[in-house]
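In what follows, every chain begins at residue 1, and chains take the letters A, B, ... in the order their sequences are listed. As the structure is a prediction and not an experimental result, all values here were calculated from the model.
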There are 2 protein chains.
Amino acid sequence: MLTTRNSRSDVVAAAGRLFAERGYHGTSMRDLGRELGLLGSSLYAHVESKQDLLVEVVEEGARLFQDSAEDALARGGTAAERLRRLVAGHVAVVLDNSDVVRTFLNEARVLDEVHRARVIAARDAYEAAFRAVVADGVEDGTFGAGTDPKMASIFILSILNAVERWYHPDGALDRAGLVDAIVAAATRGIART
Amino acid sequence: MLTTRNSRSDVVAAAGRLFAERGYHGTSMRDLGRELGLLGSSLYAHVESKQDLLVEVVEEGARLFQDSAEDALARGGTAAERLRRLVAGHVAVVLDNSDVVRTFLNEARVLDEVHRARVIAARDAYEAAFRAVVADGVEDGTFGAGTDPKMASIFILSILNAVERWYHPDGALDRAGLVDAIVAAATRGIART
DNA sequence: CCTACCGATCGGTAGG
DNA sequence: CCTACCGATCGGTAGG
């Protein structure tokens with residue numbers, strides 16, 4: 001059995017896994033090395049510092065959400081259609097990159113101020129995309145006239161960001177059903193239908 | 001200026017603050033000592049171990065939510081009334097004990113299996129209270145007949161648990177307005193009204 | 001609550 | 001990617 005050498009992206013991926021599971025401060029470079037079958041000190045052939053690894057994982061998370069929102073909006077359509085694509089895109093990002101997303105959501109506070117500010121800006125831009133779509137939906141009558149786009153966006157994103165905490169892909173609810181349920185909650189109400 | 005000695009509960013309170021801000025692994029006993037104006041080693045006059053401090057903070061969080069749910073249900077009333085009291089109680093717990101709550105929500109994974117299992121059981125019981133009230137509301141017609149109590153509870157709790165991440169008490173939205181908005185999202189829909 | 005420690009582990013480096 | 005380290009910091013203890 002041939003064990004190939006690790007690439008830099010292997011190291012980043014493993015770091016995302018451990019940071020997600022145990023947190024940044026709960027993961028030592030020796031833990032990370034063990035995960036890859038090498039010594040902690042050997043990691044410095046691939047990476048400059050531990051912080052550097054966190055920066056890469058978190059910025060990958062920011063990129064995934066940004067790209068998802070861009071895709072969802074680029075195809076146009078009604079506000080309802082765009083909202084559904086935003087929700088479906090978010091769910092896909094969370095379920096297909098849970099390590100990166102969990103690190104992005106929970107460990108960004110450990111970053112130095114410069115990088116943390118960048119993450120906050122990315123989150124704000126992402127939320128703004130949701131807000132704009134909801135505002136469009138209020139104008140075209142998809143959503144109720146009294147809807148506050150900011151509050152609605154916060155609530156929708158609260159539901160989306162919590163998905164990772166409870167959803168199991170092998171359960172009774174499949175991915176499309178999950179998206180349907182969240183879109184229904186957003187448009188028809190949590191306890192409606 | 002007289003500086004009094006610290007009590008055990010002072011130590012636990014300070015631990016909650018630092019665990020919430022920097023995480024359990026991001027907080028050293030020397031950090032905690034500095035916060036209280038004493039040396040890290042002096043903390044062991046008040047407490048048996050660092051883990052012990054985490055256990056106390058997290059179990060206080062569990063207790064706060066349990067008591068809140070018990071109070072909300074004890075006074076009876078319609079499903080809608082009980083749901084509103086559950087929401088208002090949750091918001092009060094979060095806003096009046098944000099350090100404890102943040103530690104409860106984010107640092108429980110660090111606990112040993114026995115204590116972590118206890119926390120998970122407490123969370124399950126708390127969610128069950130929401131589920132039961134929503135189920136009652138479906139039966140008495142307060143909520144739509146198609147409402148899934150489990151899914152609705154998860155969504156409501158997702159919104160409630162996220163409050164701590166964005167709500168600032170000194171902003172335009174006061175506490176009663178926040179509760180109203182969340183109850184409205186739960187009953188009339190996120191993007192309705 | 002302090003002094004004076006302890007062994008273990010941490011992130012990281014030099015040199016191969 | 002390993003060997004062989006480094007200084008700093010960690011949780012915690014003995015004795016007062």
Side-chain angles (χ1 to χ4, degrees), chain A residues 1-59 103 107-116, chain B residues 1-59 103 107-116:
Chain A
M1 190 162 110
L2 183 91
T3 11
T4 322
R5 285 192 146 216
N6 290 295
S7 70
R8 182 185 171 96
S9 63
D10 292 332
V11 177
V12 175
R17 228 177 305 139
L18 294 192
F19 292 166
E21 266 170 38
R22 317 177 190 175
Y24 177 79
H25 287 305
T27 304
S28 74
M29 292 300 271
R30 283 160 179 87
D31 289 339
L32 182 53
R34 200 176 308 120
E35 185 84 0
L36 292 160
L38 44 82
L39 296 176
S41 58
S42 301
L43 292 167
Y44 292 90
H46 295 104
V47 85
E48 299 75 50
S49 69
K50 189 185 173 188
Q51 271 286 332
D52 190 64
L53 277 170
L54 180 62
V55 167
E56 277 201 51
V57 175
V58 170
E59 298 209 322
T103 301
E107 304 300 322
R109 65 176 171 190
V110 179
L111 292 170
D112 59 285
E113 280 185 59
V114 176
H115 288 102
R116 195 171 55 242
Chain B
M1 191 164 107
L2 183 91
T3 11
T4 321
R5 285 191 145 218
N6 291 293
S7 71
R8 183 187 170 95
S9 64
D10 292 333
V11 177
V12 175
R17 229 178 302 142
L18 294 192
F19 292 166
E21 265 170 38
R22 317 177 189 175
Y24 177 79
H25 287 305
T27 303
S28 73
M29 290 301 268
R30 284 159 178 86
D31 290 339
L32 181 53
R34 200 175 308 118
E35 186 83 0
L36 293 162
L38 44 82
L39 295 176
S41 58
S42 301
L43 292 167
Y44 292 90
H46 295 104
V47 85
E48 299 74 51
S49 70
K50 189 186 173 186
Q51 270 287 332
D52 189 64
L53 277 170
L54 180 62
V55 168
E56 277 201 51
V57 175
V58 169
E59 298 210 322
T103 301
E107 304 300 322
R109 64 176 170 189
V110 180
L111 292 171
D112 59 284
E113 281 185 60
V114 176
H115 288 101
R116 195 170 54 243

For atom CZ of Arg5(A) and atom P of dC1(D), their distance in whole Å: 5 Å

Does the side chain of Arg22(A) come within less than 4.5 Å of Asp31(A)'s, by heavy atoms? yes

Taking the side chain as every heavy atom from C-beta outward, state whether Arg116(B) and Val110(B) have any pair of such atoms under 4.5 Å apart. no

Scanning both residues in full, the closest heavy-atom pair of Thr103(B) with Ala20(B) reads OG1-N, 3.4 Å

Over all atoms of both residues, closest heavy-atom pair of Asp10(A) and Arg5(A): OD2-O, 4.3 Å

Output the rounded distance in Å from OH (Tyr44(A)) to C1' (dT13(C)). 10 Å

Rounded to whole Å, CG of Leu39(A) lies from C1' of dG11(C) at a distance of 14 Å

Can you tell me if Glu113(B) has over 12 outside heavy atoms packed within less than 6.0 Å of its CD? no

To the nearest Å, give me how far apart NE2 (His46(B)) and C1' (dC1(C)) are. 8 Å

Is any NZ, NE, NH1 or NH2 atom of the basic residue among Arg8(B) and Asp52(B) found under 4.0 Å from an Asp or Glu carboxylate oxygen of the other? yes

May I have the distance from Leu54(A) (atom CG) to dG12(C) (atom P), rounded to whole angstrom? 12 Å

Under 4.0 angstrom, heavy atoms only, what part of the nucleic acid is Ser41(A) near: base, sugar-phosphate, or nothing? base

Quick one: are Glu35(A) and Leu18(A) in side-chain contact, heavy atoms under 4.5 Å? yes

As a test of your reading of the structure, name each stem of DNA chain D as range with range, where a stem is three or more consecutive Watson-Crick or G-U pairs at under 3.5 Å. C:1-16 with D:1-16

Evaluate the side-chain proximity of Val47(B) to Met29(B): yes if any heavy-atom separation is below 4.5 Å, no if none is. yes

Distance check needed: dG11(D) C1' versus Phe19(B) CZ, whole Å only. 12 Å

Report the C-alpha separation of Glu107(B) and Leu54(B) in whole Å, then their side-chain angles, then the decisive distance to 0.1 Å, and conclude whether the side chain to side chain contact (heavy atoms under 4.5 Å, CB included) test is met. CA-CA 8 Å; Glu107(B) 304 300 322; Leu54(B) 180 62; 4.0 Å; yes

Can you tell me how far P of dC10(C) sits from CG of Leu43(A), to the nearest Å? 13 Å

Residues from residues 22-36 of chain A lying under 4.0 Å of DNA chain C - heavy atoms: Thr27(A), Ser28(A), Met29(A), Arg30(A)

